[in-house]
Number of protein chains: 2
Amino acid sequence: MGTELLLGQIANTNAQFLSQKLADIGVGVYFHTVVGDNMERLLQVIRLAASRSDLVIFTGGLGPTQDDLTKESVAQHVGVGLETNLEAMKRIEDFFLQRGIVMTENNRKQALVLAGSHVFSNDFGMAPGMAIRHDSSTFVLLPGPPSELYPMVERHVMPYLIGLLPQKQVFHSHVLRFYGIGESALEEHLLDLIEKQDNPTIAPYAKEFEVTLRITARASSTEEGEALILPVEKEIRDRVGQYVYGMGEDSSLHDVLVTELGQRGETIACAESCTGGTLASLITSVSGSSAVFGGGIVCYTNEVKHQVLGVPEEVLHTVGAISEETAKLLAENVRVKLGTTYGVSVTGVAGPDPSEGKPVGLVYVGIAAEGKPTVVKELRLAGRRHAIVGRAAKFALFYALQMQKER
Amino acid sequence: MGTELLLGQIANTNAQFLSQKLADIGVGVYFHTVVGDNMERLLQVIRLAASRSDLVIFTGGLGPTQDDLTKESVAQHVGVGLETNLEAMKRIEDFFLQRGIVMTENNRKQALVLAGSHVFSNDFGMAPGMAIRHDSSTFVLLPGPPSELYPMVERHVMPYLIGLLPQKQVFHSHVLRFYGIGESALEEHLLDLIEKQDNPTIAPYAKEFEVTLRITARASSTEEGEALILPVEKEIRDRVGQYVYGMGEDSSLHDVLVTELGQRGETIACAESCTGGTLASLITSVSGSSAVFGGGIVCYTNEVKHQVLGVPEEVLHTVGAISEETAKLLAENVRVKLGTTYGVSVTGVAGPDPSEGKPVGLVYVGIAAEGKPTVVKELRLAGRRHAIVGRAAKFALFYALQMQKER
């Protein structure tokens, strides 16, 4: 996998994921290294890493092909052989059996593990992970595809690593989720707290068009960590609490909205023009969203806006599709048509070119709710097509959440 | 900037960008290293990098704060001092003047450059970039923020690097895009070619649920490169040509489908159950998709399938929503309702739990076309919710493309 990274075909999101996980348990990450599928350079990097770190984690290079060399090079460095892991072999055979495909011989290579290593089973793929200790270092070898890596780390690798930690030290975090405030503006409001931070630490960061703030305490117990965090969190909420919409790493706007709707037995539907299905896909990415999501209409064309969602042709011809009036009608009509508590609409110019003579980044979000006047928000978003669509969808979720709280 | 990467707060997209740029001009990238804002570890990394590479590029650490140490550590390694660059100083002063903000003293630090270095002006920020040669290595120091880095590289750094290349050498690539075949099966078919590869090189890789193969030739001209690639590409197409749907790094299935539809003046609509808007969002992510996309209905619930898309309640109650029959009706009815050439439907179980007693990963894709019998494909997809949704949407695009070719 290193070669793909070195050619710039993909970004190193695995390093980011693993660094986050290690930060959570207080393991300091000092270096990331990317190296290509070349035995000599791999061995050179392994020697260097072992000389400067207690823990060396590899991702990628466990696959069936010729240029998958991670196991072979670690085996050579450690001085052990490779052996077939029977559980992994069975899983690989079953994979092909279930799909009725003939298994090619090179797939057997994926069941090989370092002799004497601790094996992590791969619940979503074929190549297992493994850990082996040598001299004063622990080497952990993990698969490259994120869909296999992430669950393996969460389920099997983190418990193993926590077991290696020398003393019971707890890293306890609160994650605050913000919307409607930029990362630098947030930092500005909290500058004195960030500058004097020690324990707990305060780290704001931007992710998927949202801003997140992590407060992490180092303590001997969760209770002690909690006690360290609470006064700092209170101070932060006193200053910027109006922008906090939720808590926790896995609670994006769509997660919070789906949860809140579910708790109140309410439902939502959406009519999307410029976001083209992104808003619906965010909502439906949440497991259990089927209980609250009444459906979505992607009304990219004026015909659909008119025929399916009942926006009068006169409105489309006078004020246009990108207008407060159209946003209002789309939100109201999709709500009535799909029989939900809320109706959300997004119409605007995602770019790259202006539309109806309106500038790129101009977006209207409409929120209709049963028994409440419909609200329409005008946004002026910066960035390229992808970013405008992403931000517009997030704003729609945020306004829906606001409307819900007011109701 | 290194610290944010090591804490996992951001992914290393700068390394990806620079690697792509270097690959374009045939500079082989052998290592990426991320190191924190620590003088000792920075110097250690600089020594190592200089010992193994002709070119060492840094991004980040040129800013005004205490922990911006890149210039200081390279200066120490090279043995030169820092001097104020007057053009950069003027730009910084102007920046504050224009915004009417008082300049804090630490901003002057940004105008410092390595004595005797070649300076790259920063057209979108304050800290200039620079290059300096020492022993047999060239060190290039660039700002971290992508909005400053990217234009500086495109405008100033690439011409400088091309000037350093010993002889005019061209790297010419063809990128083949595959669907319906896995990465390992593809490699199995091409194993002998991959094993004996030299010039051109052949590299398959998986990205966003698709498989891509890059054939790259090293030559003295594009024409010579093309001549080296063609026979290899022909051999590959003779073996696995039926899975090739397009060419080029930026031509995912949705790009190709939108282009093909546009050229033929055809249109498409979709009815999505388990993909929940992802298929529509892929199609609408392509600029210009408004000319071919008739709209989408996200029919997560049986009510919408019945009321908006006319699937008889009897069908939903007997064979169920996750069935060949429902997929067929959804595809046909969304096509008629939105008046398009093609109608595509996806219904299945994205998980985590089974639905209607049907297993996670079972998905039906329906493709209806004007004047053709509707086709329904049954898929058994592996992975978590996110991967099942992503793969199902890609398969739907692929089958739509197939149907279009047959028509």
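Letters go in sequence order (proteins before strands), and every chain restarts at 1. Atom set for the values below is all heavy atoms of this structure, side chains included, hydrogens, waters and symmetry mates excluded.
- In this structure, the portions of L7(B) lying under 4.5 Å from any heavy atom of chain A include both its backbone and its side chain.
- For P151(A), the parts lying near chain B are the backbone and the side chain together; criterion is any non-hydrogen pair under 4.5 Å.
- A 4.5 Å side-chain heavy-atom check between V304(B) and K337(A) finds every atom pair outside the cut-off.
- Nearest heavy-atom pair across T278(B) and S281(A) is OG1-CB, 3.5 Å.
- Residues S287(B) and R385(A) form a side-chain contact, since some pair of their non-hydrogen atoms from C-beta on lies under 4.5 Å apart.
- Only the side chain of L48(B) has a heavy atom closer than 4.5 Å to any heavy atom of chain A.
- Within a 6.0 Å sphere centred on CZ of R384(A), heavy atoms belonging to other residues, nucleotides or ligands number 12 at most.
- The residue among H386(B), K21(B), E195(B) with the most heavy atom pairs within less than 4.5 Å of chain A is E195(B).
- The closest donor-acceptor contact from the side chain of E187(B) to the backbone of T65(A) lies at 3.5 Å or more, if one exists at all.
- A distance of 9.5 Å separates CG of N12(A) from CG of L5(B), quoted to the nearest 0.5 Å.
- In this structure, chain B has no heavy atom under 4.5 Å from any part of E148(A).
- Separation of atoms CD (E105(A)) and CG (L191(B)) is listed at 12.0 Å; rounding is to 0.5 Å.
- When heavy atoms are compared at a cutoff of 4.5 Å, E272(B) does not approach chain A at all.
- Residue H189(B) qualifies as open at atom NE2: its count of foreign heavy atoms under 6.0 Å is 12 or below.
- Under the 4.5 Å side-chain criterion, counting only non-hydrogen atoms from C-beta, V45(A) is in contact with F31(B).
- For the pair L6(A)/L22(B), no side-chain contact is recorded, criterion being any heavy-atom separation below 4.5 Å from C-beta on.
- Residue Y30(A) holds its OH atom at 5.0 Å from CZ of R41(B), rounded to the nearest 0.5 Å.
- Heavy atoms closer than 4.5 Å to chain A are found in the backbone of S285(B), but not in its side chain.
- Ranked by heavy-atom pairs shorter than 4.5 Å toward chain A, the options V389(B), V29(B), T33(B) are led by V29(B).
- Contacts between V27(B) and chain A at a heavy-atom distance below 4.5 Å are absent for every atom of the residue.
- For D24(A), no part sits under 4.5 Å from any heavy atom of chain B, backbone or side chain.
- Contacts between R380(B) and chain A at a heavy-atom distance below 4.5 Å involve the backbone alone (N, CA, C, O).
- Heavy atoms closer than 4.5 Å to chain B are found nowhere in R214(A), neither backbone nor side chain.
- Contacts between S289(B) and chain A at a heavy-atom distance below 4.5 Å involve backbone atoms as well as side-chain atoms.
- Closest heavy-atom contact between A382(B) and F95(A): CB-CE1, 4.4 Å.
- Neither the backbone nor the side chain of E303(B) has a heavy atom closer than 4.5 Å to any heavy atom of chain A.
- Neither the backbone nor the side chain of V334(A) comes within contact range of chain B; no heavy atoms are under 4.5 Å apart.
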**Prompt:** For F293(A) and V298(B), what are the C-alpha separation, side-chain angles and deciding distance, and is it a side chain to side chain contact (heavy atoms under 4.5 Å, CB included)?
**Reply:** CA-CA 10 Å; F293(A) 186 56; V298(B) 184; 3.6 Å; yes
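- Using a 4.5 Å cut-off between heavy atoms, A280(B) contacts chain A through both its backbone and its side chain.
- One distance of note links CZ of F209(B) with OG of S147(A); it measures 7.0 Å at 0.5 Å rounding.
- The closest side-chain heavy-atom distance from I283(A) to Y300(B) is not below 4.5 Å.
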**Request:** Just do the side-chain hydrogen bond (donor to acceptor under 3.5 Å, both in side chains) check on E188(B) and N106(A) with the steps written out, would you?
**Result:** CA-CA 8 Å; E188(B) 192 80 8; N106(A) 60 0; 2.4 Å; yes
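- Interface summary for chain A: among G277(B), A11(B), G296(B), the most heavy-atom pairs under 4.5 angstrom belong to G296(B).
- For the atom pair Q16(A) CD and T13(B) OG1, the distance stands at 9.5 Å (nearest 0.5 Å).
- In terms of non-hydrogen atom pairs under 4.5 Å with chain A, the most contact-rich of S290(B), S273(B), G288(B), C274(B) is S290(B).
- Counting non-hydrogen atoms of other residues, nucleotides and ligands closer than 6.0 Å to CZ of F96(A) gives a total above 12.
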